[in-house]
Amino acid sequence: MSVKNPAARQLSSVGNAGSASSVSSHSVASHSAASVVSHSVAKYRVDNRSVAKHSVDSHRATLFATVISFVLSALIVVGALTSPSKAMAAGGDLVDPNLAQVIPANQPIVHGNHVISTGHVDMGPRFDNGKWRFLIADDAHKADANAVSVWRYPAETVLQVADQAQLKIPDDKNYSFIGAQPGSTAWVIPETQNPNVVWAGWNTQDPTVMAKLDRGATLTVSGIQGPGNLVVYLQSGSFGQPQVLWDSRKNAQQPIWVDTNTHTHANWVFTKAGVYMMRITAAANLKDGTKVSDTEYIRFAVGSQTSTDSAFSAKWTGPAMPTVKSDAAGASDSSSDAAGNNNAAAKQSSLVPILIWVLVGLAVVMAIGFTFAIISSNRTRRKVMEAVDASKAAKATPWLDGAAGADSAAGEAGAKGSNSAHGGDASGNSADAKGQGTAQ
């Protein structure tokens, strides 16, 4: 019994050693797999942080582009509101196909008293024997193919506003600026042509004028006389807010800026029948630096019963011609006054090119912002795809590698344990043999 016990103890020791070796190898394999998984998770988290960072960058770029777009839109609106409104209103009327016209070069300028009661009429600048003049364009040819369109002198022309122009003042507070009771009668030259009423407007479309003008001209009303109110206003459509250009109740000068190659018609509202006179100055800067101006009196005979002869013979009894210092020489006359008004309008209009350049610059910046946003978005997309691939690899490969490592470690431990067991058996056999020899 005592002889066999050492062998039993050796076998027990070898078995325990083999078992310990196997556990150890599995522990190593598990540790290896855990390390790989931990590394993969860490890498996945880093990728996630990278993706998140690029996603934030992309959102910032998109936000930047959106802000630029908003600023651009806001500046366009501000530009529309701060640009000279009267000039814009005049230019805006060109959407009316009836306003499309081309004035022939060297259209005749004629003398002689003439009454215009229907048809198309424009006031505007012309060069008469090289002198800047404010005349009346009688577009008779538009209504009669056999007639000839000519330019006339205001002192020799009466615009007759017959009773066919009568309308009732609407009961609408938006028209309270006319200064007449709702429901009362007014004589109206409409913004849109009425074939039974003279259609009065203005233009800067004479070919010579367009060739010499520096951007445009200023039309300044400095006085209106008559038995009632005369209000001239523009209105966009039936529901647009009226935009008053000239009002006989105002004592101050009332200038409007008219761009080159502009053709405009407005609403002329007379609240009482009778003779009206309007003093108006056309002033401009020419491309060669010359300042030009001309002041004329436009005559109206309002109401079919009003004598046109009385309109021809009417004398100005309204306010005196205002005088202001000219920006150029400090002179005080009607010409310098008109030039001063034109300079003021020109200063306003000079803001338009600056605004245009600002808008162009912002448009370029916005384009760059959108381009940056697209590039960042593409980079983010690539990062996301890389992160997805890394995530898939981290979930699949480490476990397979860990299992293979565990099997390999277990195999090596098993082999070592087997060899140790066999060695132990051999030693035990040798010891038994020696023991038996000794016993014998």
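Throughout, numbering of the chain's residues begins at 1 and tracks the sequence. These figures come from a predicted structure and were not determined experimentally.
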Could you tell me if the side chain of [Y] sits less than 4.5 Å from the side chain of [X], heavy atoms only?
{"X": "Leu219", "Y": "Ile280", "answer": "yes"}
{"X": "Ile256", "Y": "Trp246", "answer": "yes"}
{"X": "Leu135", "Y": "Asp294", "answer": "no"}
{"X": "Asp122", "Y": "Trp202", "answer": "no"}
{"X": "Lys212", "Y": "Val292", "answer": "no"}
{"X": "Val110", "Y": "Asp138", "answer": "no"}
{"X": "Pro319", "Y": "Arg279", "answer": "yes"}
{"X": "Gln164", "Y": "Asn194", "answer": "no"}

Looking at [atom1] of [X] and [atom2] of [Y], how far apart are the two atoms once the value is rounded to the nearest 0.5 Å?
{"X": "Lys272", "Y": "Leu230", "atom1": "NZ", "atom2": "CG", "answer": "14.0 Å"}
{"X": "Asp259", "Y": "Met210", "atom1": "CG", "atom2": "CE", "answer": "13.0 Å"}
{"X": "Asp247", "Y": "Asn229", "atom1": "CG", "atom2": "CG", "answer": "7.0 Å"}
{"X": "Gln254", "Y": "Leu245", "atom1": "CD", "atom2": "CG", "answer": "9.0 Å"}
{"X": "Leu213", "Y": "Thr208", "atom1": "CG", "atom2": "OG1", "answer": "10.5 Å"}
{"X": "Gln243", "Y": "Gln235", "atom1": "CD", "atom2": "CD", "answer": "10.5 Å"}

Exercise for the section: Look at the aromatic rings of Phe270 and Phe300 and report parallel, tilted or perpendicular, splitting at 30° and 60°. Expected result: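 Taking Phe300 first and then Phe270, their aromatic rings sit tilted (interplane angle of 30° to 60°).
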Exercise for the section: Return the orientation label for the Tyr233 and Phe177 ring planes: parallel under 30°, perpendicular over 60°, tilted otherwise. Expected result: perpendicular
Problem - Partner set under ring-ring contact (aromatic ring centres under 6.0 Å, His included) for Trp132, not counting sequence neighbours - result: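 In terms of ring-ring contact (aromatic ring centres under 6.0 Å, His included), with neighbours along the sequence ignored, Trp132 is linked to Phe127.
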If you take all heavy atoms of [X] and [Y], which pair is closest and at what distance?
{"X": "Tyr175", "Y": "Pro170", "answer": "CD1-CG, 3.6 Å"}
{"X": "Ala314", "Y": "Met277", "answer": "CB-SD, 3.8 Å"}
{"X": "Leu234", "Y": "Ala266", "answer": "CD2-CB, 3.7 Å"}
{"X": "Ala311", "Y": "Ala301", "answer": "CB-CB, 4.2 Å"}
{"X": "Val275", "Y": "Ser307", "answer": "CG2-O, 4.4 Å"}
{"X": "Ile136", "Y": "Pro154", "answer": "CD1-CA, 4.0 Å"}

Taking atom [atom1] of [X] as the centre, report whether more than 12 heavy atoms of other residues, nucleotides or ligands fall under 6.0 Å from it.
{"X": "Asn251", "atom1": "CG", "result": "no"}
{"X": "Glu156", "atom1": "CD", "result": "yes"}
{"X": "Asp171", "atom1": "CG", "result": "no"}
{"X": "Asn106", "atom1": "CG", "result": "no"}

Practice task
Report the C-alpha distance between Val232 and Val221 in whole Å, list the side-chain angles of each, state the deciding distance to 0.1 Å, and finish with yes or no for side-chain contact (heavy atoms from CB on, under 4.5 Å).
Solution key: CA-CA 11 Å; Val232 182; Val221 169; over 6 Å; no
Exercise for the section: Please collect all ring pair (Phe, Tyr, Trp, His ring centres under 6.0 Å) contacts where either partner lies in residues 134-159, sequence neighbours excluded, each pair once. Expected result: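 Output for this query lists His111-Tyr153.
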Problem - Pairs involving residues 208-232, ordered by first then second residue, that meet ring pair (Phe, Tyr, Trp, His ring centres under 6.0 Å) (sequence neighbours left out) - result: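 Pairs touching residues 208-232 that pass the test: none.
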Handout entry: Test side-chain hydrogen bond (donor to acceptor under 3.5 Å, both in side chains) applied to Thr185 - qualifying residues, sequence neighbours left out
Key =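 Thr185: side-chain hydrogen bond (donor to acceptor under 3.5 Å, both in side chains) contacts with Lys168.
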Quick check: does any side chain N or O of [X] sit under 3.5 Å from a backbone N or O of [Y], one acting as donor and the other as acceptor?
{"X": "Arg299", "Y": "Phe312", "result": "yes"}
{"X": "Lys287", "Y": "Ala211", "result": "yes"}
{"X": "Thr204", "Y": "Thr262", "result": "yes"}
{"X": "His120", "Y": "Ala140", "result": "no"}

Exercise for the section: Using only heavy-atom distances, determine whether the side chains of Asn261 and Gln205 contain a donor-acceptor pair under 3.5 Å. Expected result: yes
Practice task
Give the C-alpha distance, both sets of side-chain angles, the deciding distance and a yes or no for side-chain contact (heavy atoms from CB on, under 4.5 Å) between Asp163 and Trp187.
Solution key: CA-CA 7 Å; Asp163 289 343; Trp187 286 257; 3.0 Å; yes
Handout entry: Gln253 and Thr281: CA distance, side-chain angles, deciding distance, side-chain contact (heavy atoms from CB on, under 4.5 Å) verdict
Key = CA-CA 10 Å; Gln253 297 186 78; Thr281 299; over 6 Å; no
Practice task
Can you tell me which residue pairs pass the side chain to side chain donor-acceptor pair (under 3.5 Å) test with a partner in residues 308-318, sequence neighbours excluded?
Solution key: Gln225-Thr317
Handout entry: Working for side-chain contact (heavy atoms from CB on, under 4.5 Å), residues Lys142 and Ser149
Key = CA-CA 8 Å; Lys142 186 173 183 179; Ser149 295; 5.7 Å; no
Completion exercise
Those residues at least two apart in sequence (or on a different chain) that pass salt bridge (Lys or Arg N to Asp or Glu O under 4.0 Å) with Arg126 are Asp206
